[in-house]
Amino acid sequence: MSERESVRVAGEPGSIDVSGLPSTTFGHRTITWWGTIGFMAAEGMTLIICAVAYLYVQRNFQVWPPRETPLPSLTAATIQVLLMAVSVPVMMWTSRAARRFDLGGVRVGMLTSTGFALAFCVVRWFELHALHTRWDSNAYGSTAWAVVFAHATLLIAQFFESAALSALLLVGPVEPKHFSDVDDSCLYWYFMTGAWLVLYLLVFISPRV
Amino acid sequence: MRDWLQSALRPAGPEAASVHALWEFMLWTSVVVFVLVLGALAWGTLRRRPAGADPLAEGGPGERRMTGAVSTAVGATVVVLFVFLVFDFSTGRALTARREAAVRIEVTGHQWWWEVTYYDSIPNRRVTTANEIHIPVGRPVLIRLNSQDVIHSFWAPDLNGKRDLIPGKESSLWIQADSPGVYHGQCAEFCGYQHAKMAFLVVADRPADFARWYASQADTARTPTDSLTARGQEVFLSSPCVMCHAIQGTPAGATMGPDLTHLASRRYIAAGSLPNTRGNLAGWILDAQGIKPGAHMPPNSLTPADLQALLAYLGTLK
Amino acid sequence: MTAPITADPEAVPPEARPAVRELHDQLERVWSDGPGLRGWLMSTDHKSLGKRYVITAFVFFLLGGLEAAVIRAQLARPENGLIGPDLYNQLFTMHGTTMMFLFAVPVMTAMSLYLVPLMIGSRDLAFPRLNAYGYYVYLLGGLFLYTSFFLNVGPDAGWFAYTPLSGPAYGVGKRVDVWAQTITFTEIAGIIAAIELIVTIFKQRAPGMSLNRMPLFVWSALVMAFMILFAMPWVAVDSQFLAMDRLIGTHFFNQAEGGDALLWQHLFWFFGHPEVYIIFIPALGFVSTIIATFTRREIFGYPAMVLSLVATGFLGFGLWVHHMFATNIPQMGESFFTAASAMIAIPTGVQFFCWIATIWGGRPRFATPFLFILGFFAVFIIGGLSGVMIASVPFDLQVHDTFFIVAHLHYVLLGGGVFPLFAAFYYWFPKFTGRRLSERLGRWNFTLFFIGVNLTFFPMHLLGLHGMPRRVYTYLAGTGWGSLNLLATIGAVTIFVSVVIFLVNVARTLANGELAGDDPWGSSSTLEWATSSPPPSYNFAHLPVVEGRYPLWSRPQEPPVVTGLRTDQRELLITTVLDARPDHRHRTPDPTIWPLLAALTTGITFVALVFTPWAIVIGGALAIGPLVAWGWGKPQPGDPVVTEGVE
Amino acid sequence: MSEALLPGQLARAWSADPAIAGPLALAAALYARGTVVLWARAGTAHGLRRRDVLAFAAGWTVLALALLSPLHELSETLFSAHMVQHELLMAVAAPLIVLGRPLVAFLWSMPASWRRRAARAAGSGRPAAAWRALARPSVAWLAYALATWGWHAPRLYDAALASAPIHALQHATFLATALFFWWALLHGARHRYGAAVLYLFATAVHTTALGAILALSARPLYPAYASTAAWGLSPLEDQQLAGLIMWVPACLAYLVAALALMLAWMREGDRRLPRAVAAPASLAALLLVVLLAGCDREPAERSRRELVDGNAERGREIMPAYGCNACHSIPGVRGTDARVGPPLAGIGSRSFIAGVLPNQPDNMIRWIRDPQAVDSLTARPNLGVSARDARDIAGYLYTLR
C-alpha cells in the first residue's frame, strides 16, 4: 500500500510521478515471476505430452507393462518422492529468507537446494534402472523412459540454476534483484516436485492399479 | 464439360451420389452467404454518408440498429450451421449403414502399387491380382484396407470418398457402381517417391461378365504351347523376375511385386501409369526407372531375343 | 515544464527545447544499441530485433514463394519433365515447412514483438536478452534447413512428416532428421516470443490501460501467445520422438513394437490445427487496427470482438481430429467433430459482422492498407466457407488430400494471413522506417496480388473435385487436369509480379520515399503513433498515461504522462495486470553478446543431434559458459548492491 | 450388478431412492426457506437476486433429473449414459448451483442465533484460516482433475459399478469436487478471473485428453458394460460415445464459463479505474445473455452506478459526527482505535456485512440506516442516518479494499 501511495500527481492533470516506486519486489508483481510461470507452462505441457504418449500406446498392449517386463521397482522412486517432500519446506524457508533480504539465509538455502538437486539427479539414475526396461525395447519402454527422462531435464536444469545462484550469492556482487531470483527459483522448485508426484503416480503406481 | 478421368462431381454409385447431393447443398448455401456478406460489405463501404457527422460519436439509434443487425446475422449463422449439421449427419448415416456385402475384397497398399485379393471361404478360390479391381454392377462391395509399408489412401472419386491404409490397422470402405464401366482411382496420401504414379482401376462388370472374369482369374496361368512362349517362360524363370513376382502354376511364387498370373488381362501396367501394350511392357521391363523413377522394379538387361520371347510369354497370361 | 511523449524539440514551445533535447540525448545514451558491428551484434532492442525478425521472415517468404513457383512450373502441363520426383518432394516439403515454420508464425510474432511495446506504451519487452536469443535460434534454424537443402539433404516427407514414411525404415538418410531439428529450433523461438509477449502485455502497459482498454491488436497478440505456449510444445515433443525413433531406436511410432503411427498424427495435429489460428488471430488484430484508422470510427462491439478472439483460441484446440477423418476414426465421433469444427464459424462470423458494422458507420478511406483489408474479406470468406464444407466428414473424405484442400488452405492462409500482413506492412512501414510506401505502386501490388491469388487457387477447388490428389509431381494427359493447372500457373506468375512490385516499392521508398512524420495517416488511434517515426531507441521520452480505448483520439492538448523513471539507466515501469496501476520500476539489462553466443551453442547442439545423442552432453557443457555469463552481469554505477544482512 | 436395462423398460425406470431424494428435497426446502426469510427481511430480490434463485432452481432440477430419472438406471447398462449423468452433475448442475449462492440461503434458513454462531464460526479462527489456505483455485482444480481421472481407472470404475456404496461415493466425490471447483472459480478467486479462465482451459485440455483416450481406445476398458447390444451399440461403440461426450459437449461448458469470466474480468478492470469510460457492452451482453444470467457475480455495474452519487469524501467527513469511530477503527478517519465493533479496513472486499448480508451496496446502505431490520439481535444502534448520508458513507466504505 505504502509504495502505491507514493505515486504522486505531477504538474499536469493526470500525470503521475513514479520516482517513489520501489525497484525490487517479489512474487507475481515481478516480471521474472511471470516469465518463470511461462516456462513452467511450456515445460508442464511437455510433461503432459509424454504422459499422453504413455497412455496412448497402452491401447496396443494386452497387458501393461508388456509380457516379460517386470513392474517398475518402487524403492528408488519412492525415496525420490520422500526426498522431494523434505526439500519443499526448506525451499519455503528459503523463499521467506529471500523476502527478508536475509543474505545469510538465502546462501544456506540455495546451497542446500544445490545439494538436494544433485541428490535428485543421482536418485533419478537409479529410477531409470528401476523401470526394468530400455527405451529401445518396445513402446512401453520408450514412453516410460520419455516421461522419466523429460522430468530429469528439469532436475538437471534446476541443479545448474541452484549452483549458479549459490555461486553468485557467495561471490557477489549481490544485487537486491537476486533475492527475487531466489524466490522465483523456489516457485520453480514447487512445480518440479509437484509434477514428479503426478508422474510418479503414473509410471510407478498406475501399472499396479 | 471436360472429360475427366476421375471426378467426385460425376457420381456413379449411391455413396458418391449422396455426397454429391450434400456438396450441391453446401455450394449453393455458400454462394448465397458469400453474396450476402460481400453485398453488405460493399453497401457499408460505398453508401452515401451524411455530411459533417462525427464518426467518433458513439451511441444513438444507429448503434442500436447495428446491434440488431449484427445479432441477426450471428443468429442466421447459427441457423445455417444447424441445417448443415442435420444434412451432414443424415449423409454420414447413409454412408455407414450396415449392409450385406456381395463381394469382399482385401486391398493392400505397397510402395507404389495395389495388391488385390478376393475373399472366398474356400481358400483355393481366392484370387490375387494387382491394380485392377473388378466388381459386379449394382451390388455393394466391401473393401478391406491394409498396408505393408507406409500410409496410403484408397480413393475412387466416382464411387466414394477415400480411406487411409495404415500399416497394422485394418479399415474398410463400401463401394457400389450403378452402371458398367471403368472407374479410375488413385492413392491420395503422400507415400514417397512415386505417390503420383500409384493409380488403380475399378471395373464394374455385369454379373455374368464378373463371374466369367472371376473364374478365369482363379485359374493358374496357361502353360506355354509354342517354343517362343516356352522360351519366354524359361527366360522369366531364370531371370531376377522370380525374385519378386509370382505366376501361379509355375515355380515363381514371390510376393514382393504384383502377381503376374493374369497380367495380359489387365488394362494398365505400372500401377495405372502405362497402358498395357507390348511396347510399354518392353520398356517397363528393361528400364522401369526411366518411366517411374524410384520404383522398386530394377532395370533388366535382356538379349533382344530373350525379350521377344518374354513378351510373347507374358502376352499369353490372359 | 511540459513533459512530451515524443522527444521532438519541434513539438514543444521554443523555451522548452533545450531541456527536451537534453532529455533526448540522455535517454539515447542509455538506450541506444551502441556503435558499429559490435553494437549491432549485441543489440537487445525490440525494434532492432523486431525489424531483423520481420526481414528474415520475409526472406523466407520469398524463398518459399520461389519453391512454389518451381512447383507450379512443373505442374503447368501434364507429364512435364522439368524436375523429377526427388526434387519435387523436397520442394513441396520445403515450401510447407518454410511457410508454416519459418514465415507465417515468425512474421506474426515478429510484428508483435516490434509493435506491442510501442502500442502499450513501454520502452522494451520484458526480457530483452531472451528476445535476442530467440531471434538468433530462429535464424540458425532457418539457415540450417536451407544449408541442408542446398547440400541435397533437404527433407522430403512433407511438412507433416507422417510416420512410417518419415520413420527409420522408410525415411532414409538424414533428411527427416534435418526437418525434425529445424522444427525444434523454431519451436523454441516461438515459445520464447510467446512468453515475452504475455509478460510484456500483462505487466508493462502504460498506466490507465486496463484490459478493457487494450488495443484489439494487443488482445490478439495475447491470445496468439497463449496458443503458442500451449500448442508448440506438442510438435516439439513429437518431432523429438521422431528423431529418437531414428537416432536411438525408440519405438514411439513403430507399430511392430507397440508404438503407433497415429500417435504421430494426433500429436502433430494437436499442434497443427491451433497453428492455423496462431497465424490467423494476429491478422485479425491487424484488420481491427487498420479498419479503425481508415474509417475513423471505433471498432463496433469491442467486448464481442475480444470474446470472439478468446473463443477462437479456445476452440482451436478442439478441432485437430478433422485433419484425420480418413484415418478410420470412430464412426461415432463424426458428428461431434463436425459440430465442433463448424462451431468456430460463429466467433469468426461475429468479428466479420462487427467489422462490416464499423465500416458502415465510419468514413472509409481507400488507402492501400484498406484495399488489402477489403481483399482479405473477399478471399478469406471463400476459405472460411470451404472450411465449413470440409468439416463435413462425408464431403471431406472426397476432397481430403486433394487440390481442393490446397485451394482451401491457401484461401485461408493468404486471405486470413498474407492479405492482412501486406496491409500491416503498408500501414506500419512509415513507423518502421520513417518513410511512406508509394500508393501508386501499392495499388498495383494489391490488384495483381488479388487477381493472382484467385487465379492460382480458385481452379484448384475444381481440380480437387475432379480427382487430382495433392503432392503429385506429375499427372497423365488423359486426366483432363492440364488446362486448369495451366491457369493456376499463370496466376502464380501474377503473384510473382505483384511481389516484385512490392520489393521495388520498398527499395524505392527506402532510397528516397516521402517522409512520413509521426502520424502519416492522420487518424491513427494507438500509442505507437504518439512517438516519432521511426521511434527513438527509448520509444517514449515520457511514458503516456492512458484514459480511453483510443488514446490518440481523445488526447488533450497536453497529454498526461509518467515522470520519475530514471534516465541514467534502463528502467521499465511495471504495472498491475488488470488495471495497469504503476507498481514498481524494473531495471532491465544492458545489451550483451551472450544471447548470440548461447544461441550458437544451442545451434551446434541441435545440428550435432542429427548425428549423435551425445550432442546433448557436449552442447550442454558448451552452453554453461554463455548462460552463466548472461545471467551474472556486473552492476552498473548507481545499482544498489547488498552486502551482509538487510538491504 | 443388476440386469441390463432394455429399451422398453426405460420409461418406467424412474427412481425414488430416499437416500438420494431425501437430501435433494432437504436442499430445496432449505434454499426456499432461506430465500423467503431473507427477502422478507431485506426486500424481494435483495441479498439473493432473482437470477441467483433461478440458477439454483435450474441446477437443482438438472441434479434431480440426473440422479432420479431413467438416466440413472440406464447408466448401469450404458457407459455413455453414465457419462452423460456425470457430466450433468459436474459441468451443468454444479456451476448452476454455485451461481445460486446456496450458502447464503442455507444460512438464512437457520434460526437467528444459529445463524450468528455459524457466521462467527466461519468468519474467524482456525477453520476460516484453514479454509482460506485450501480454497484456492489451484487446489480445487487439482481435486477436480484427480477425481475425474482417478475414478476412470478401470478397476475403480468397475468397483463402483459392482457396489452401491462405492457408486454413491463416486457420485459424491464427483459432485463435491465439482462444487468445490466451480465455487473456487466463481466465488473463491475474487479478482482472479484471468487465472480462472486459464484453469478452465487447463480443465478442458485434460478432460479432452481423457475423453480422447476413451474414444480412441482399441478395446473396451470397462468389462462391466458388456450387455449394450439391446441399445444398438457394441461395447466399444458405447465407450467411444462416452469418450466423445466428455470430449466435446462437456468442454463447451468450460468454454462458455471461460467466456463469461473473461467478460467479467474486462468489466472489473474498468470498475477499478478511477476515471472509467463506460464500455458499450450491449452487443456482448446480447450475445451472451444466456450465459451471463447469474454470472455477473458482483453487481459491478449497478454498484458503481449507485455509488457514483455517493460522495466518498463527504462520507469520510461526516462519519465522526455520527460516532462511527467510537466503536470501529476506520482507515482515513482520525482517532479510531476502537475495538467494540469490527475494524472496517478492507470492508469493501468482504463477502458479508454483519456476518449475514451479502456485501452489496443496497444491503450496506440498509445496514447503515436500520441495523435492527437486518438482525434484530445486533448491538449496533440505529443512528438515524439520512439516506444521502448513508449513501455517502457507503461510498467511502467501498473505497476500503
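Residue numbering restarts at 1 for every chain, and letters A, B, ... go by the order of the sequence lines.
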Chemist: What part of F82(B) lies closer than 4.5 angstrom to a heavy atom of chain C: side chain, backbone, both or neither?
Modeler: neither
Chemist: Is chain C contacted by the side chain of Q186(B), its backbone, both, or neither, given a heavy-atom distance below 4.5 Å?
Modeler: side chain
Chemist: Side chain, backbone, both or neither: which part of R47(B) has a heavy atom under 4.5 Å from chain C?
Modeler: side chain
Chemist: If you count heavy-atom pairs within less than 4.5 Å of chain B, which of A378(C), A256(C), A169(C), S166(C) leads?
Modeler: A378(C)
Chemist: Between I151(B) and L165(C), is a side chain to side chain contact (heavy atoms under 4.5 Å, CB included) present by the stated rule, with each step listed?
Modeler: CA-CA 7 Å; I151(B) 301 176; L165(C) 185 62; over 6 Å; no
Chemist: Where on A73(B) is there a heavy atom nearer than 4.5 Å to chain C: the side chain, the backbone, both, or neither?
Modeler: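 When you check distances to chain C, atoms from both the backbone and side chain of A73(B) fall under 4.5 Å.
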Chemist: Name the member of P167(B), G294(B), A156(B) that forms the most heavy-atom pairs with chain C at distances under 4.5 Å.
Modeler: P167(B)
Chemist: Taking side chain as everything from C-beta outward and backbone as N, CA, C, O, which of these in L41(B) sits under 4.5 Å from a heavy atom of chain C? Side chain, backbone, both or neither.
Modeler: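 L41(B) touches chain C through backbone and side-chain heavy atoms alike.
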Chemist: So which part of N160(B) gets closer than 4.5 Å to some heavy atom of chain C, the side chain, the backbone, both or neither?
Modeler: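 Just its backbone gets close to chain C.
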Chemist: Would you say W155(B) and Q398(C) make side-chain contact, with heavy atoms under 4.5 Å?
Modeler: yes
Chemist: Counting heavy-atom pairs under 4.5 Å to chain C, which of S30(B), G92(B), A16(B), S18(B) comes out on top?
Modeler: S30(B)
Chemist: Please classify the contact between F190(B) and chain C as side chain, backbone, both or neither, with a heavy-atom cut-off of under 4.5 Å.
Modeler: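 It is both, since atoms from each part get that close.
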Chemist: Determine the option with the most heavy-atom pairs under 4.5 angstrom with chain C, choosing from I166(B), L173(B), T91(B).
Modeler: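 Ranked by contacts with chain C, first place is I166(B).
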Chemist: Is T77(B) close to chain C through its backbone or its side chain, or both, or neither, when contacts mean heavy atoms under 4.5 Å?
Modeler: side chain
Chemist: Assess the residue pair D88(B) and E334(C) against the criterion (side chain to side chain contact (heavy atoms under 4.5 Å, CB included)); give the C-alpha distance rounded to whole Å, side-chain angles, the decisive distance to 0.1 Å, and a yes or no.
Modeler: CA-CA 10 Å; D88(B) 165 67; E334(C) 291 181 351; over 6 Å; no
Chemist: Checking K162(B) side chain against H400(C) main chain: does a donor-acceptor pair fall under 3.5 Å?
Modeler: yes
Chemist: If I measure from the heavy atoms of chain C, does E15(B) come under 4.5 Å with its side chain, its backbone, both, or neither?
Modeler: neither
Chemist: Shorter than 4.5 Å, heavy atoms on both sides: which option in F377(C), Y475(C), F395(C), F325(C) has the most such pairs with chain B?
Modeler: F395(C)
Chemist: Heavy-atom pairs under 4.5 Å with chain C: which of V33(B), L46(B), L38(B), L145(B) has the most?
Modeler: L38(B)
